Amino acid sequence: MADVSTHPGPPPIRAVPVRHYGRWVFVAVMVVALALVVRAFWGADIDYSVTLRFLTAGNVLSGLVNTVVISVLAQAVGIALGVVFAVMAMSRHAEVRAVSAAYVWLFRGTPVLVQLLLWYNLSLVVSTVTVPGVGSWPTNQLITPFIAALLGLGINEGAYMAEIVRAGIQSIDHGQSEAAQALGMSPLLTMRRVVLPQAMRVIVPPTGNEFVSMLKMSSLAYAIQYGELLQSAVKIYSNNLAIVELLLTVSIWYLALTSVATVFQGFLERRFSRGVMGNGRPSVRSRLLGLGGPGTKGAVR
Amino acid sequence: MTAKPMMTANPAMPVVSAQDVHKWYGQAKVLNGVDLEVAPGEVCCVIGPSGSGKSTFLRCVNHLEKIDAGRLQVNGHLVGYRERGGRLHELREKEVAAQRRDIGMVFQRFNLFPHMTALENIMEAPCRVKREAKAVVRERAMRLLDRVGLGARCDAYPAQLSGGQQQRVAIARALAMEPTLMLFDEPTSALDPELVGEVLDVMRDLATSGMTMVVVTHEIGFAREVGDALVFLDEGTIVESGHPREVCARPRHERTRAFLSKVL
Ligand SMILES: Nc1ncnc2c1ncn2[C@@H]1O[C@H](COP(=O)(O)OP(=O)(O)OP(=O)(O)O)[C@@H](O)[C@H]1O
Ligand SMILES: [Mg+2]
């Protein structure tokens with residue numbers, strides 16, 4: 001590209017930019033609103049040293065670990081179920097499609113908190129679980145708070161993921177699966193190797209959102225005695241009565257978790273945009289990070 | 001001819017044999033009794049106006065579409081069905097997939113897999129479908145890329161290639177399965193005029209090597225030079241067929257004449 005200073009043609013344009021006065025009004029309003037909130041918290045009787053001290057308390061940390069564990073596992077269950085039910089939703093067989101539609105209808109149409117409580121109280125519905133040839137267990141021993149939370153959050157999440165995965169699959173040009181079929185690939189192989197990897201580009205961003213909301217939704221498992229972050233705070237403040245202090249403690253941790261999840265989501269989005277970037281060249285950023293953009297063969301299995 | 005040895009006993013058996021093939025979508029008759037035989041090593045070019053059923057016929061040959069009446073055989077096997085006890089039984093998806101392995105298809109819009117490099121596009125099916133050793137496949141894929149003049153671009157993604165280059169990779173991808181029959185559906189009509197030649201060169205080279213080909217095309221020059229047979233399809237029936245030069249020079253039917261006068 002030619003150096004602008006040695007450019008032989010007419011002088012470069014020096015126009016007066018448009019002034020956005022509305023922007024300044026907006027900023028001013030926001031600053032005032034923020035000041036009011038800060039003053040309210042400052043004036044209130046809150047001991048922030050308690051908030052900070054409990055950030056690393058043993059109970060809070062184990063609650064944090066449990067929150068991460070249940071969120072990751074429930075999201076994994078949700079993704080697996082979502083893929084299965086999305087594929088079922090596009091089946092040639094009407095009865096298979098009906099099962100998928102019924103699943104989405106049922107689990108998206110009832111509150112997660114109700115679902116969690118139902119799973120937790122499953123023993124009131126079936127008293128023993130029998131696997132033929134393996135054995136039989138009383139339900140109330142099988143359904144621990146952890147299992148109930150995993151089932152409740154995971155199966156609910158599957159209903160949302162099914163819709164996301166279906167939208168992703170349907171965004172892929174039909175010519176792609178035709179080309180795969182013409183090469184002799186089976187429908188399953190076509191889905192796994194050709195359609196899903198491309199659909200990921202459409203699936204990953206909303207899945208990231210889902211996971212961020214899963215991190216927070218897992219706090220509902222507090223209602224079924226699962227020892228996650230919120231429950232640890234409640235336990236502590238019912239002793240020392242520092243209610244707001246501890247709610248702020250867990251808020252800080254939730255913010256930290258969702259921030260990490262957001263960064264991770266950006267990482268995945270770049271990973272799955274391989275080969276389909278605007279002009280087909282890797283961005284400087286993806287090259288620096290060694291992500292699998294075009295031309296970085298190493299990242300391609 | 002250096003056509004690959006057929007798996008069947010009779011060397012004279014046609015690769016494609018269509019007898020009175022019908023296909024309809026609801027009320028619309030798209031194929032209306034197509035009769036066609038393509039011998040081993042033969043290059044059969046198909047021309048016809050838009051909507052005459054050319055793509056539909058090609059898609060029937062590898063069972064991307066089901067036929068509604070008639071008989072369609074490839075290498076002596078019914079496409080998509082098995083005949084037992086005087087009745088036709090539909091094949092399972094897996095069996096249809098196995099039939100398609102021997103039939104290569106090249107699409108108007110290339111349909112390369114955008115998330116794979118040129119080399120990965122070519123290696124995918126032999127590795128995953130035929131389960132051949134990766135090293136063997138890679139070597140063959142590189143040879144094919146060299147053959148279509150793109151050995152140096154093996155690590156490029158489709159979005160980094162021109163239309164003509166993409167179509168050449170698509171041809172190499174189909175050839176990597178070592179098919180006995182290649183189907184081309186207007187392989188050059190999505191290309192800028194200056195890129196048409198490089199794709200036709202690859203197809204000419206393929207024809208010379210003895211590959212059996214069915215080519216839907218508007219490139220009459222290619223049909224005349226490379227084709228062994230030319231069929232003119234109109235409203236789902238073959239109106240006229242014969243040697244390309246013969247059909248072009250002396251079309252017997254009014255409709256053929258009218259069509260040729262428009263494309264020549
Ligand atoms: N899936 C479908 N459902 C309904 N009608 C279809 C379908 N596919 C094709 N058709 C119809 O069948 C007819 C033949 O289509 P086909 O694509 O085979 O024509 P063609 O000869 O390849 O035309 P072109 O030169 O434009 O590619 C057209 O009238 C088309 O509208
Ligand atoms: Mg067509």
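Bear in mind the structure is a predicted one, so any value in this text is a computation, not a measurement. Here is how names work: the chains are called A, B, and so on, in the same order as the sequence lines, proteins then strands, and each is numbered from 1.
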**Q** Using side-chain heavy atoms (C-beta onward) and a distance below 4.5 Å, is L183(A) in contact with V129(B)?
**A** no

**Q** Return yes when atom CD of E139(B) has more than 12 non-hydrogen atoms of other residues, nucleotides or ligands closer than 6.0 Å, and no otherwise.
**A** no

**Q** Considering only heavy atoms, which portion of R173(B) lies under 4.5 Å from any heavy atom of chain A: side chain, backbone, both, or neither?
**A** both

**Q** Would you mind listing every side chain to side chain donor-acceptor pair (under 3.5 Å) that reaches into residues 95-105 of chain A, with sequence neighbours excluded?
**A**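 Every candidate side chain to side chain donor-acceptor pair (under 3.5 Å) pair involving residues 95-105 of chain A fails, so no pair, neighbours aside, qualifies.
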
**Q** Is it true that, when you exclude R109(B) itself, more than 12 heavy atoms of the residues, nucleotides or ligands shown sit nearer than 6.0 Å to its CZ?
**A** no

**Q** Would you mind checking which part of R128(B) comes under 4.5 Å of any heavy atom in chain A, side chain (CB onward), backbone (N, CA, C, O), both or neither?
**A** both

**Q** Checking an interface table here. Which of residues 168-182 of chain A come within a heavy-atom distance under 4.5 Å of chain B?
**A**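 Listed by number: D173(A), G175(A), Q176(A), E178(A), A179(A), A180(A), Q181(A), A182(A).
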
**Q** Answer with side chain, backbone, both or neither: which region of E124(B) has an atom nearer than 4.5 Å to a non-hydrogen atom of chain A?
**A**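 Contact with chain A involves the side chain of E124(B) alone.
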
**Q** State the CZ-OG distance between R100(B) and S186(A), to the nearest 0.5 angstrom.
**A** 10.5 Å

**Q** Give, as side chain, backbone, both or neither, the part of F107(B) having an atom under 4.5 angstrom from any heavy atom of chain A.
**A**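 For F107(B), the side chain is the part near chain A, not the backbone.
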
**Q** Heavy-atom distance under 4.5 Å to chain A: side chain of L161(B), backbone, both or neither?
**A** neither

**Q** If you check every heavy atom in residues 181-190 of chain B against those of chain A, which residues fall under 4.5 Å?
**A**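 Within residues 181-190 of chain B, no residue comes under 4.5 Å from chain A.
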
**Q** Residue by residue, which of residues 63-72 of chain B have a heavy atom closer than 4.5 Å to a heavy atom belonging to chain A?
**A** L64(B)

**Q** For the pair E93(B) and R92(A), evaluate salt bridge (charged side-chain N to carboxylate O under 4.0 Å, His left out) and give the outcome as yes or no after the intermediate values.
**A** CA-CA 12 Å; E93(B) 294 273 11; R92(A) 277 180 302 153; 3.1 Å; yes

